[in-house]
Amino acid sequence: METDLHAILRSLRVWDPDVTDLRPFDPDTAPPTPLPLFATWFAEAVAAGQPEPHTMSLATVDEEGRPDVRIVMLHGADPDGWSFATHATSRKGRALAARPYAALTFYWPVLGRQVRVRGPVVSAPSEESQADLHARSTGALAAALTGRQSEELASPAELRRASEAAWERARANPGEPSPTWTLYRLRPETVEFFQGDPDRRHVRLEYRSTEFGWSRTLLWP
Ligand SMILES: Cc1cc2nc3c(=O)[nH]c(=O)nc-3n(C[C@H](O)[C@H](O)[C@H](O)COP(=O)(O)O)c2cc1C
């Protein structure tokens, strides 16, 4: 039986009041810089039961200017930027080497909130990248040691062999380096906070980094 994609689409709603808590957001009460507001919204998403609030879309462009986007984990957000980690040799790693600029999007549907962060990206020094990896789980290390991210895979059996060997190495030596694994920091130039509104008068507050500090601007939804 064929799946009726369009019938399913018609049956779906965004921000069903049974599951989504659309809270009023008064931009006049927003702090002068974006990081504290991000931390507050992140904590509120966690408290509201948002699954996996620490996953985000990472958009990059390759050297020909063609965009790509995928999900990665947030490793931190502090005055140095929003951080994530991946292989420098992956597709996104190569795109970032050619065009060190990216955009992140968080979507927290339980609160009808979206946060968008854009700016240049810098790589952390190798020691810091390795320390970040070694502070994570054995599985994260095994995945990093499996390597070859974004290369063509000949067969699932080939992955199984490489992954089993990587798990063994990760268990035997929790400090084993994964030389291409890199912690990246996106230094924000703009950070937009979007709060959904039941009457579609969504609030969009954009922080812009200027030579005098952060400015705040409202945007039409
Ligand atoms: C929930 C989730 C979290 C992920 N986290 C990461 C991550 O932190 N780092 C990473 O390299 N890939 C992560 N991935 C895999 C990426 O989405 C992507 O498949 C991979 O990095 C290869 O992307 P690329 O070919 O564009 O380089 C994650 C995927 C999902 C679904």
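Source: prediction; values computed, not measured. In listed order, ligands and their atoms are each counted from 1.
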Among protein heavy atoms, which lies nearest [atom], and at what distance?
| atom | value |
| --- | --- |
| atom 8 (O) of ligand 1 | Met73 N, 3.1 Å |
| atom 11 (O) of ligand 1 | Thr86 OG1, 2.6 Å |
| atom 25 (O) of ligand 1 | Ser150 OG, 2.6 Å |
| atom 18 (C) of ligand 1 | Arg70 CG, 3.9 Å |
| atom 9 (N) of ligand 1 | Ala85 O, 3.0 Å |
| atom 14 (N) of ligand 1 | Ile71 O, 3.2 Å |
| atom 21 (O) of ligand 1 | Lys92 NZ, 2.5 Å |
| atom 6 (C) of ligand 1 | Val72 CA, 3.6 Å |

- Message: Need the ligand 1 atom indices (1-based, order shown) with element for anything under 4.0 Å from a heavy-atom of Arg91.
- Response: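 Contacts of ligand 1 toward Arg91, numbered from 1: 24 (P), 25 (O), 26 (O), 27 (O).
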- Message: Just to be sure I read this right, does ligand 1 sit under 4.0 Å from the backbone of Gln149, its side chain, both, or neither, counting only heavy atoms?
- Response: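 Just the side chain.
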- Return yes or no for this condition: an N or O of Glu52 is under 3.5 Å from an N or O of ligand 1.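 No, there is no polar N/O contact under 3.5 Å.
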- Task: Return yes when atom CZ of Arg91 has more than 12 non-hydrogen atoms of other residues, nucleotides or ligands closer than 6.0 Å, and no otherwise.
- Result: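 Count not over threshold, so no.
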- Message: Using ring-ring contact (aromatic ring centres under 6.0 Å, His included), reason through Trp108 and Phe106 one step at a time and then give a plain yes or no.
- Response: CA-CA 7 Å; Trp108 298 317; Phe106 295 85; 5.5 Å; yes
- Query: Got Leu111 and Thr20 here, is their nearest side-chain heavy-atom distance under 4.5 Å?
  - Reply: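 No, every pair of side-chain atoms sits at 4.5 Å or beyond.
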- Side chains of Gln149 and Thr86: closer than 4.5 Å at any heavy-atom pair?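 Contact flag for Gln149/Thr86 side chains = yes.
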- Message: Yes or no, since that's all I need: does a protein heavy atom fall within a distance strictly under 4.0 Å of atom 23 (O) of ligand 1?
- Response: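 Looking at atom 23 (O) of ligand 1, one finds that a protein heavy atom does lie closer than 4.0 Å.
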- Item | Residue list, side chain to side chain contact (heavy atoms under 4.5 Å, CB included) with Ser209, at least two apart or on another chain |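 Checked Ser209 against side chain to side chain contact (heavy atoms under 4.5 Å, CB included); matches are Trp214.
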- Please, which pairs that meet ring-ring contact (aromatic ring centres under 6.0 Å, His included) have at least one residue in residues 144-167, sequence neighbours excluded?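 As it turns out, there is no ring-ring contact (aromatic ring centres under 6.0 Å, His included) pair with a partner in residues 144-167 once direct neighbours are skipped.
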- What class does the angle between the rings of Phe194 and Trp15 fall in, given that below 30° is parallel, 30 to 60° is tilted and above 60° is perpendicular?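 Plane angle between 30° and 60°, so tilted.
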- Just say parallel, tilted or perpendicular for the rings of Tyr207 and Phe193, cut-offs at 30° and 60°.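 Aromatic pair Tyr207/Phe193 classed perpendicular.
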